[in-house]
Student: 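First the structure, which I've put down as structure tokens, then a few questions once you've had a look.
Per chain, numbering begins at 1; letters A, B, ... match sequence-line order. Note: hydrogens, waters and symmetry copies are ignored here, and every other heavy atom, side chains too, is used.
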Amino acid sequence: MPELPEVQTIVTGLRPRLLGRPISDVRLLRRDIFHPPDLELPTLLAGRRIADVSRRGKKIIITLDNAQRFYIHLGMTGRLTLEASETPLLPHTHLILSLQPNQELRFRDPRRFGGIWWISGDCQADTNLGPEALDLKPADLSARLSKTRRAIKSALLDQSLIAGLGNIYADEALFAAGIHPTKRADRITRDQAAVLTRAIKQVLKRAIRHNGSTLRDYRDADGNSGDFQRLHRVYDRKGRPCHNCRTPIQRIVLTGRSTHFCPACQPRSAARR
DNA sequence: GTCCATGTTCTTTA
DNA sequence: CTAAAGAACATGGA
């Protein structure tokens, strides 16, 4: 569920409230969400202070006062919330970090596609990750897209090509750029790549300003919903009129993912005259 | 019961 | 061999 804007919203909310605080107790309620399995997360965290909270792609990176780091990936249904200790635990809470005097950082994830990874050696925060979507250079995007024959939509979801986009924002960015989702990635022109670069950044920045999109599961660190779903142009709008031209939005399935677009505003081939 | 879901990784296919 | 499609993972809601 959480893509770059949702993860950024969580990080922005947590950082000022976590910096410098000591972790007084650690409860790992499900061991199998922590990797690698041979390390003892409670031992690694006990008594440490939080030195930084940051983001890389869709990963939330926590740095400790001894410079050791781990990251949390929220998968589809993960939540990372800062709550009063007396707040009842929701089901599927897998990790609790106690922060004095009476708060807890809680990781909850019903589907368990998410998890927590200790960073060291072969597990780095940016292993197999492309450049940050917000830092993308048009020439870089163009060069990367030229190496694959996949549909552009599928390419945008590949985190090793660009880090941060997911199913919502890939669809929204392609609409903003006027590009059909099934267009072959290696047939995107340099001009189109420049337009797409701008569209990606614009969509992501707007979504961050609106605290992300809540369709079903996403909540920020305080349990609040995002707002950007109200501004979606195509995602989850099958059959509803395009905001530009009133043509009904289409939904197709592309490499297993639902894909939404306006058949008029995103023509299969660029209009020529 | 069925289908669908904001993600990633492993397996199979072409 | 490799790129890309498909299946799998696990849970819950419509």
Side-chain angles (χ1 to χ4, degrees), chain A residues 1-11 29-30 32-33 35-36 55-60 71-80 90-94 107-117 122-123 125-130 133 144-175 181-187 200 203-204 206-208 210-220 224-239 251-260:
Chain A
M1 35 161 334
E3 307 179 28
L4 187 153
E6 291 75 33
V7 175
Q8 184 61 52
T9 300
I10 291 170
V11 166
L29 300 160
R30 264 201 87 107
D32 60 0
I33 57 119
H35 314 272
R55 177 188 66 72
R56 175 74 171 98
K58 302 175 188 173
K59 297 168 180 172
I60 299 165
Y71 72 79
I72 297 167
H73 196 295
L74 297 173
M76 290 278 258
T77 55
R79 291 188 194 180
L80 189 64
L90 290 168
H92 307 292
T93 299
H94 306 314
F107 171 64
R108 170 173 185 260
D109 183 13
R111 287 171 78 176
R112 303 206 303 282
F113 289 175
I116 300 164
W117 283 262
D122 54 340
C123 178
D126 57 4
T127 301
N128 296 327
L129 277 197
R144 287 168 175 270
L145 293 180
S146 70
K147 293 187 174 71
T148 179
R149 298 160 61 94
R150 282 178 293 176
I152 180 64
K153 162 69 184 287
S154 307
L156 292 181
L157 292 178
D158 183 342
Q159 301 299 295
S160 69
L161 272 177
I162 312 161
L165 288 176
N167 211 30
I168 295 175
Y169 300 107
D171 281 3
E172 292 295 326
L174 287 172
F175 174 80
T182 65
K183 186 176 181 71
R184 265 175 54 166
D186 60 354
R187 296 209 175 134
I200 288 169
V203 164
L204 293 176
R206 281 189 186 152
I208 290 170
H210 290 270
N211 302 314
S213 304
T214 296
L215 275 78
R216 109 194 269 150
D217 295 299
Y218 169 69
R219 294 292 185 283
D220 72 10
N224 298 315
S225 297
D227 209 24
F228 191 69
Q229 66 284 355
R230 297 188 302 110
L231 301 178
H232 289 175
R233 294 296 196 238
V234 288
Y235 194 85
D236 206 27
R237 294 195 68 242
K238 176 187 175 184
R251 176 187 180 276
I252 59 174
V253 174
L254 200 50
T255 49
R257 310 301 304 275
S258 69
T259 297
H260 312 75

Student: With respect to the phosphate group of B:dT8, does any side-chain polar atom (N or O) of A:His73 fall under 4.0 Å of OP1 or OP2?
Tutor: yes
Student: Roughly, in whole Å, what's the span from CG in A:Leu80 to P in B:dG7?
Tutor: 17 Å
Student: What residues, two or more places apart in sequence or in another chain, satisfy ring pair (Phe, Tyr, Trp, His ring centres under 6.0 Å) together with A:Phe175?
Tutor: none
Student: What distance, rounded to whole Å, do you find between the two P atoms, one in C:dA7 and one in B:dC3?
Tutor: 14 Å
Student: Looking only at side-chain atoms of A:Arg257, point me to the closest of B:dG7, C:dA10, C:dG13.
Tutor: B:dG7
Student: Would you please name every residue forming a salt bridge (Lys or Arg N to Asp or Glu O under 4.0 Å) with A:Arg206, sequence neighbours left out?
Tutor: none
Student: Rounded to whole Å, please give me the gap between NZ in A:Lys59 and P in B:dT9.
Tutor: 8 Å
Student: What is the minimum heavy-atom distance between A:Ala163 and A:Gly57, and which atoms define it?
Tutor: CB-CA, 3.9 Å
Student: Closest-nucleotide mapping onto DNA chain B: is A:Leu157 or A:Ser258 further toward the 5' terminus? I mean the 5' end.
Tutor: A:Ser258
Student: Can you tell me if A:His92 touches the phosphate of C:dG12, counting only side-chain N or O atoms and a distance under 4.0 Å to OP1 or OP2?
Tutor: yes
Student: Only counting residues at least two apart or in another chain, list the ones meeting salt bridge (Lys or Arg N to Asp or Glu O under 4.0 Å) with A:Arg237.
Tutor: none
Student: Between B:dT11 and C:dA10, how far apart are the P atoms? Round to whole Å, please.
Tutor: 15 Å
Student: Quick one: list whatever passes side chain to side chain donor-acceptor pair (under 3.5 Å) with A:Gln159, sequence neighbours left out.
Tutor: none
Student: Using atom NE2 of A:His35 as one end and atom P of B:dC10 as the other, report the distance to the nearest whole Å.
Tutor: 11 Å
Student: Please determine, for the side chain of A:Pro110, which listed nucleotide (C:dT11, C:dG13, B:dG7) has the closest atom?
Tutor: C:dT11
Student: What integer distance in Å separates A:Ile72:CD1 from B:dG7:C1'?
Tutor: 16 Å
Student: Listed by chain and number, what are the side-chain contact (heavy atoms from CB on, under 4.5 Å) partners of A:Arg257, not counting sequence neighbours?
Tutor: A:Leu157, A:Asn167
Student: Look at all strands and tell whether A:Tyr169 reaches a base, only sugar-phosphate, or nothing, counting heavy atoms closer than 4.0 Å.
Tutor: nothing
Student: Can you check the A:Ile162 CD1 to B:dG7 P distance for me, whole Å?
Tutor: 14 Å
Student: Which pairs, protein N/O on one side and nucleotides 12-14 of chain B N/O on the other, fall under 3.5 Å?
Tutor:
none

Student: Is it the case that the side chain of A:Glu172 and the backbone of A:Tyr235 share a donor-acceptor pair, with hydrogens and angles ignored and the cut-off at 3.5 Å?
Tutor: yes
Student: Can you tell me the distance, in whole Å, between the CG atom of A:Asp236 and the C1' atom of B:dC3?
Tutor: 14 Å
Student: Kindly write out the residues that satisfy side-chain contact (heavy atoms from CB on, under 4.5 Å) with A:Ser146, not counting sequence neighbours, or none if the list is empty.
Tutor: none
Student: Would one find more than 12 heavy atoms of other residues, nucleotides or ligands at under 6.0 Å from atom CG of A:Asp32?
Tutor: yes
Student: Say we look at B:dC4 and C:dG6: how far apart would their P atoms be, to the nearest angstrom?
Tutor: 15 Å
Student: Excluding sequence neighbours, so at least two apart, what forms side-chain contact (heavy atoms from CB on, under 4.5 Å) with A:Ala207?
Tutor: A:Pro5, A:Tyr169, A:Phe228
Student: Write down the distance between OH (A:Tyr218) and P (C:dG13), rounded to a whole number of angstrom.
Tutor: 20 Å
Student: Roughly how many Å is it from CZ in A:Arg251 to C1' in B:dC3, rounded to a whole number?
Tutor: 10 Å
Student: Please identify each residue that fulfils salt bridge (Lys or Arg N to Asp or Glu O under 4.0 Å) with A:Arg112, with sequence neighbours left out.
Tutor: none
Student: What one-letter contact string describes nucleotides 3-9 of chain C from 5' to 3', where B marks a base within less than 4.0 Å of any protein heavy atom, S marks contact via sugar-phosphate atoms alone, and - marks no contact?
Tutor: -SS---B
Student: Which dot-bracket notation, 5' to 3', represents the base pairing of DNA chain B when pairs are defined as Watson-Crick or G-U with both distances under 3.5 Å, crossing pairs as [ ], and inter-strand pairs as |?
Tutor: .||||.||||||||
Student: Pairs in or reaching into residues 152-170 of chain A: which pass salt bridge (charged side-chain N to carboxylate O under 4.0 Å, His left out), with residues at least two apart or in two chains?
Tutor: A:Arg150-A:Asp158, A:Lys153-A:Asp171
